Engineer: 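Sending over a structure as structure tokens; questions will come in a sec.
Any value given below was found using the heavy atoms of this structure, including those in side chains, with hydrogens, waters and symmetry copies removed. As the structure is a computational prediction, the values presented were derived from the model and not from experiment.
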Amino acid sequence: MTAYSGPVFEMAAQQFEVIAEYLCIPEDARARLLMPKRAVMVSCPIHRDDGTTAVFEGYRVQHHLTLGPTKGGTRFAPSVDLGEVAALAVWMSWKCALVGLPYGGAKGGISVDPSSLSKRELEALSRRYMQEMIPFVGPHTDVMAPDMGTNEQIMAWFMDTYSMYQGQTITEIVTGKPVSAGGTLGRREATGRGVAHLVHRAADELKLRLGSATAVVQGFGNVGSIAALELYNMGVKVIAVSDHTGALHQPAGLDIPKLVRHASSQGSLAGYSNELGLDPLEMLTIPCDILAPAAVERVIDATIAANLRCRILAEAANGPTTPEADRILEQRAAEVFLIPDILCNSGGVVVSYFEWVQDLQRLFWEEDEVMRREYQVLDRAFERVLARSKRDKVFNRTAAMAIGVERVRGAKETRGLFP
Ligand code: NAD
């Protein structure tokens, strides 16, 4: 039992144990790799529009600082708690290490439903959260980014709040900012583009023609909508999409550009169609070539894993598959090609890294340069994961996580244990 105990952290811990066994990491070296370096919990009081005061709980977990500053998103969602944030920080570490970024993992968030706040209340809460975090973050200590329930505007408020306290503009304190406030071209699209790019690589590996392939995308926020659009532009028929308001199914293929316009003007998929409705519980097991869960954790359990009817499982969300489901998917590896989350959605942090580098240098790149470099990093990581999985005959998740854990472990061993 630790302060992080809970279903999501248990999941990260169980996954780590599998890797520790595979890498033969001695028992006494495991906690140093898994347990977060620091965790901060803060109370964020704000004035509500009706004149009352409300207090929200905020968190930030920094997993390790061995390779450089920590880096990770900020989630505004009712589910947010210390354990969830800690698990996400751990995954972020393996992800950054896998793709070769000079970062440890971090994650933060507020337990709140952002849709229950007015714009003024959301700004007040975002600014208060950043203000509470000022003693613990910095461009060379911990750099925040968006995640579920947060966006470019919130990153701009974070950056402005931090800068006002420092007395100068410090754009490199957060990534995922609007381009007008020091953000990079290509960040908003980076995660979804990366997902689609890696699906393309996996399809090549499986000799699957994307022009005649079908896809199902769960979640239609930043990651899901861009991934669906990119797949659509590659000629894939996207036959089902969903969000927290419901699911839509059209075997002939959905008009994804129209859905993207609807979701961005209405805030969700609700109201798009009365005829195309589907039970969201059926989404994940419809026959398709590509399944991309791009919403929340733990949506693929053992029962769903046994019933998946896709050829490629592209884990766009963080932690969509439970450890019980993993054991089944490992046995089904010849049928279902897994692009594990820490690889699949890593395009986001890769371009966040580019944003940080550009902010530090005050030198900005063209969008095609950002994309070229993103795909180069993703291709290298994809090839490493595939080579490792073939060499050791291990599951793609094991290969990806092992590469990440090995890099962090190597750095810790070389640096030694202080004092
Ligand atoms: P977002 O807030 O923009 O969108 C989340 C989407 O999921 C929304 O469409 C929401 O309606 C939907 N959703 C929520 N609960 C659902 C449910 N039960 N069933 C179906 N849909 C549901 O968030 P995002 O930034 O797109 O993040 C999605 C996932 O991708 C998260 O796991 C996040 O950690 C991960 N991720 C995001 C980024 C990024 O750059 N934004 C990077 C890496 C990983």
Engineer: Can you tell whether the side chains of Arg311 and Glu205 come within less than 4.0 Å, N to carboxylate O?
Structural biologist: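 Salt bridge absent between Arg311 and Glu205.
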Engineer: Of Leu198, Ile290, Val385, Asn396, which is the lone residue that meets side-chain contact (heavy atoms from CB on, under 4.5 Å) with Ile339?
Structural biologist: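 Considering Leu198, Ile290, Val385, Asn396, a side-chain contact (heavy atoms from CB on, under 4.5 Å) with Ile339 is found only for Leu198.
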Engineer: In this structure, are over 12 heavy atoms from other groups packed under 6.0 Å from Lys37 atom NZ?
Structural biologist: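 No, because the 6.0 Å sphere around NZ of Lys37 holds 12 heavy atoms or fewer from other groups.
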Engineer: Salt bridge check, Asp160 against Arg127: does any charged N sit closer than 4.0 Å to a carboxylate O?
Structural biologist: yes
Engineer: Is any side-chain heavy atom of Ser43 less than 4.5 Å from a side-chain heavy atom of Phe56?
Structural biologist: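 Not in contact.
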Engineer: Do Leu313 and Ile300 touch side chain to side chain, with heavy atoms closer than 4.5 Å?
Structural biologist: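 The answer is yes; the side chains approach within 4.5 Å.
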Engineer: Among pairs that include at least one residue of residues 127-152, which meet ring-ring contact (aromatic ring centres under 6.0 Å, His included), considering only residues two or more places apart or in two chains?
Structural biologist: Tyr129-Phe158
Engineer: May I ask you to say whether Glu383 pairs ionically with Arg388, meaning some side-chain N is under 4.0 Å from a carboxylate O?
Structural biologist: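 Salt bridge flag = no for Arg388 with Glu383.
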Engineer: What's the shortest heavy-atom distance between Pro280 and Ala247, and which atoms?
Structural biologist: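 For Pro280 and Ala247, the tightest heavy-atom pair comes out as CA-CB, 4.0 Å.
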Engineer: Could you walk me through whether Ser352 and Arg187 pass the side chain to side chain donor-acceptor pair (under 3.5 Å) check?
Structural biologist: CA-CA 7 Å; Ser352 271; Arg187 173 61 187 89; 2.8 Å; yes
Engineer: Using the rule side-chain contact (heavy atoms from CB on, under 4.5 Å), only one of Asp81, Leu82, Val90, Leu88 pairs with Phe9; which is it?
Structural biologist: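 The single option meeting the side-chain contact (heavy atoms from CB on, under 4.5 Å) with Phe9 is Val90.
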Engineer: Taking Glu315 for its side chain and Ile342 for its backbone only, find out whether a donor-acceptor pair lies under 3.5 Å.
Structural biologist: no
Engineer: Verify side-chain contact (heavy atoms from CB on, under 4.5 Å) between Met130 and Val137, making sure each step is shown before the conclusion.
Structural biologist: CA-CA 9 Å; Met130 176 45 108; Val137 299; 4.2 Å; yes
Engineer: Hey, does the side chain of Arg75 reach the backbone of Ile110 with a donor-acceptor pair shorter than 3.5 angstrom?
Structural biologist: no
Engineer: Provide the full list of ring-ring contact (aromatic ring centres under 6.0 Å, His included) pairs with a residue in residues 234-281, sequence neighbours left out, each pair given once.
Structural biologist: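 The answer is His262-Tyr272.
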Engineer: Under the 3.5 angstrom rule, does the side chain of Arg332 hit a backbone N or O of Leu308 as a donor-acceptor pair?
Structural biologist: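 Yes, Arg332 side chain to Leu308 backbone: donor-acceptor pair under 3.5 Å.
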Engineer: One thing to verify: whether Arg409 and Glu413 come together as a salt bridge, which I'm taking to mean a side-chain N less than 4.0 angstrom from a carboxylate O.
Structural biologist: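 Salt bridge flag = yes for Arg409 with Glu413.
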Engineer: So do Leu117 and Arg48 actually touch side chain to side chain, heavy atoms under 4.5 Å?
Structural biologist: yes
Engineer: Side-chain atoms of residues 221-235: list all donor-acceptor pairs with protein atoms under 3.5 Å, sequence neighbours left out, distances to 0.1 Å.
Structural biologist:
{"unit_1": "Asn222", "atom_1": "ND2", "unit_2": "Arg188", "atom_2": "O", "d": "3.0"}
{"unit_1": "Ser225", "atom_1": "OG", "unit_2": "Gly221", "atom_2": "O", "d": "2.6"}
{"unit_1": "Asn233", "atom_1": "ND2", "unit_2": "Leu229", "atom_2": "O", "d": "3.3"}

Engineer: Between Met144 and Lys71, what is the shortest heavy-atom contact and its length?
Structural biologist: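 It is O-NZ, 3.4 Å.
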Engineer: Applying salt bridge (Lys or Arg N to Asp or Glu O under 4.0 Å) to Arg193 and Glu367, what does each step give before you reach the verdict?
Structural biologist: CA-CA 13 Å; Arg193 273 183 187 155; Glu367 186 161 358; 3.0 Å; yes
Engineer: Under 3.5 Å, is there a donor-acceptor pair between the Thr322 and Arg298 side chains?
Structural biologist: no
Engineer: Would you mind reporting whether His64 and Lys412 have side-chain heavy atoms less than 4.5 Å apart?
Structural biologist: yes
Engineer: Salt bridge or not between Lys177 and Glu355? Use side-chain N to carboxylate O under 4.0 Å.
Structural biologist: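 Salt bridge: yes.
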